[in-house]
Asker: 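This is the structure I have questions about; it appears just below.
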Amino acid sequence: GDLIILNGDTVLSKWKTTNGHLFSRIYKKSEFMEHYKTSKIAQHPNNIVDIALLLGNDYHPNIRNVGKVAVLKDGGLIDQLVAASDREEWVAKELGTHKNAPDKFAEDYEAARRYLLHAPVFEKCATTGNVSIVPLTPLPEGVNDLESFLQLDYNRDAAVTPDQYEEVYHVQNIVPLTGKPLEEERGPHYSADENSNVATDETLPLFARLDFSEVPIEAQPVLCMKHWLLSRGIKSLQNDSRPIIERNVRWAQANNKPVLPPSIKCLMGKYDGFEALEARIGNDKFDTWDRDYFTLAQLVAAVSDSYMEDKLNGALPGMRGRALLLLEGGNINPRSIVCCNVTSKIDNSPCVLMRCEALSSKRSVIHTVHAVFEAKEGGDFMSSPVSTCSCEDGSLFCSHMIAFLLLLGLVQRSDSQEEFERCYDVSPALTQAEPVLIENLHALDNFNRQQAQAKRQAEKKRKHSN
């Protein structure tokens, strides 16, 4: 989420690698604002930084027992902050004196806020190609020195040359916002330079046209170069290093490899889970996405065998068998389930939405299930067009939707969400697609080394004893 906090408008998210192919999705902040007009983020777009700081993040801790409900509810902390005539005074008085507030809360809050709004970033000079340090957004009136304003010690006159640019250039993945398919953002169109045999009204594959004179190969993100190569029929392996990717790009340039005809299509479903839904305020924690699906599972209708038989009347033949295989194979990821309050655009009825990731039974593709229930005790499942899946059969009762309902029935029979997630084995293909802290990868690496070392020492002792 840092990318949105730091004034980003568009986020490119790398999606799952499938059979050597890379897929991506684009998420636009403006579309999120349009979808969730009633959210506090959309109501206070100029105070996204304040919302992030009140909720707590890597730049500033939150106040214990002051969570998202206290911050985002109507009349909550963010509403009070926006309405305050003097923001700094309000933070010091209302938050700095809170019994659970960390030491120097108000002072650290202002320092973190200054940084998130005016962080030092790199700007490339169009004339010299050098990259210098500038503030992310213009400094307040009367402030000229970024270094003293942020109270950071760095060389504000520092600049790097284009061949050093890749050391500071990075691409960051974030949690999806609206999940709009990448197809809607693709362009530009083919030209005779790319492929003279393709009509000029055809859309180029993603990143098929990169300006290496503007941003040199050494500065291009690896993801962009992999797509550039793929559009020319050169597939990159998942573990290919950056030097290998750069060498392949130079080879393709030297041999004038043309862009292939538009046979590469981005991975997406036909149906959008929010086509028939809009956000709803229920004055509870589900006004924003929340992971407590166990609470909603106990609220809605019990998913029993008889309930499923009644619902499966409209399902395609064989769907239940495929759904059982999906469930038994761990192809439904309960850790990906998030819930929120919504309203059906069909009849304006209040509903609750559960969103979940499901692994395809035939391909290593992750689909998104949107299951909608009536927002009441024993609320009934609402089928298509309200509930959808991103697969090809998303408008019907697909196997992913059936598998999710069966999983929900298991949740309803469990004592707690934690117990269910501990007992249900998720397919490794799903867990590998989840973002993890780099520290966790190092920890596993260290553990494996320690295990190997202990095994060698035990083997050595055994030989000596013999």
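Values reported hereafter were calculated over all heavy atoms of this structure, with side chains retained and with hydrogens, waters and symmetry mates removed.
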Asker: Might you work through the side chain to side chain contact (heavy atoms under 4.5 Å, CB included) test for F381 and V300, ending with a clear yes or no?
Answerer: CA-CA 8 Å; F381 171 74; V300 300; over 6 Å; no

Asker: Which distance, rounded to the nearest 0.5 Å, do you find between the CG of N248 and the NZ of K235?
Answerer: 14.0 Å

Asker: Give a yes-or-no answer on whether the side chains of H44 and D79 include a donor-acceptor pair shorter than 3.5 Å.
Answerer: yes

Asker: Testing V372, V386, L353 one by one against S344 for a side chain to side chain contact (heavy atoms under 4.5 Å, CB included), which residue passes?
Answerer: V386

Asker: For the side chain of E278 and the backbone of K345, is there at least one donor-acceptor N/O pair under 3.5 Å apart?
Answerer: no

Asker: Run the side chain to side chain contact (heavy atoms under 4.5 Å, CB included) test on L327 and L410 for me, step by step, so that the C-alpha distance in whole Å, both residues' side-chain angles and the decisive distance to 0.1 Å come before the verdict.
Answerer: CA-CA 10 Å; L327 187 64; L410 297 178; 4.0 Å; yes

Asker: Parallel, tilted or perpendicular: which describes the rings of F212 and W228, with under 30° parallel and over 60° perpendicular?
Answerer: perpendicular

Asker: Does R247 qualify as a cation-pi partner of W251, given the criterion of NZ or CZ under 6.0 Å from the six-membered ring centre and within 45 degrees of its axis?
Answerer: no

Asker: Would E218 and R250 count as a salt bridge (Lys or Arg N to Asp or Glu O under 4.0 Å) here? Give the steps.
Answerer: CA-CA 11 Å; E218 295 80 8; R250 291 190 178 92; 2.5 Å; yes

Asker: Do N331 side-chain atoms and L359 backbone N/O form a donor-acceptor pair below 3.5 Å?
Answerer: yes

Asker: Would you please test D74 and K40 for salt bridge (Lys or Arg N to Asp or Glu O under 4.0 Å) and show each step?
Answerer: CA-CA 9 Å; D74 287 337; K40 294 302 177 183; 2.9 Å; yes

Asker: Any chance you could lay out the side chain to side chain contact (heavy atoms under 4.5 Å, CB included) test for Y109 and D50, step after step, and finish with the verdict?
Answerer: CA-CA 9 Å; Y109 182 99; D50 291 298; 2.6 Å; yes

Asker: Backbone N or O of N283 within a donor-acceptor pair of the D287 side chain at under 3.5 Å?
Answerer: yes

Asker: Return yes if some donor-acceptor pair links the side-chain N/O of S399 with the main-chain N/O of R322 below 3.5 Å, else return no.
Answerer: no

Asker: CD1 of I78 to CD1 of I51: how many Å apart, nearest 0.5 Å?
Answerer: 4.5 Å

Asker: So which heavy atom on G330 is nearest to which on Y424, and how close?
Answerer: CA-OH, 3.3 Å

Asker: Do F294 and F420 have ring centroids that are under 6.0 Å from one another?
Answerer: no

Asker: Can you tell me how far apart NE2 (H400) and OG (S390) are? Round to the nearest 0.5 Å.
Answerer: 8.0 Å

Asker: Under 3.5 Å, is there a donor-acceptor pair between the side chain of N341 and the main chain of V352?
Answerer: no

Asker: Got L77 and L81 here, is their nearest side-chain heavy-atom distance under 4.5 Å?
Answerer: no

Asker: One pair to check against side chain to side chain contact (heavy atoms under 4.5 Å, CB included): S304 and E309. What are the steps and the verdict?
Answerer: CA-CA 9 Å; S304 60; E309 287 294 337; over 6 Å; no

Asker: Checking the side chain of Q417 only, and the main-chain atoms of Y293 only, is there a donor and an acceptor separated by less than 3.5 Å?
Answerer: yes

Asker: Counting only heavy atoms not in N255 (residues, nucleotides, ligands), do more than 12 fall under 6.0 Å from its CG?
Answerer: yes

Asker: For the atom pair CG (D290) and CD1 (I337), what is the distance rounded to the nearest 0.5 Å?
Answerer: 12.5 Å

Asker: Knowing that exactly one of R209, R232, K257 qualifies, which makes a salt bridge (charged side-chain N to carboxylate O under 4.0 Å, His left out) with E194?
Answerer: R209

Asker: What distance do Q412 atom CD and L296 atom CG have between them, rounded to the nearest 0.5 Å?
Answerer: 11.0 Å

Asker: Quick check: does any side chain N or O of E357 sit under 3.5 Å from a backbone N or O of I332, one acting as donor and the other as acceptor?
Answerer: no

Asker: Angle class for the F105/H60 ring planes (parallel below 30°, perpendicular above 60°, tilted otherwise)?
Answerer: perpendicular

Asker: Yes or no on salt bridge (Lys or Arg N to Asp or Glu O under 4.0 Å) for E459 and R456, after CA distance, side-chain angles and deciding distance?
Answerer: CA-CA 5 Å; E459 182 68 18; R456 287 195 299 270; over 6 Å; no

Asker: Donor-acceptor pair, Q220 side chain versus M225 backbone, under 3.5 Å?
Answerer: no

Asker: Rounded at 0.5 Å granularity, tell me how far NZ in K285 sits from SG in C339.
Answerer: 9.0 Å

Asker: Is it true that Y307 and D380 share a donor-acceptor pair across their side chains at a distance under 3.5 Å?
Answerer: yes

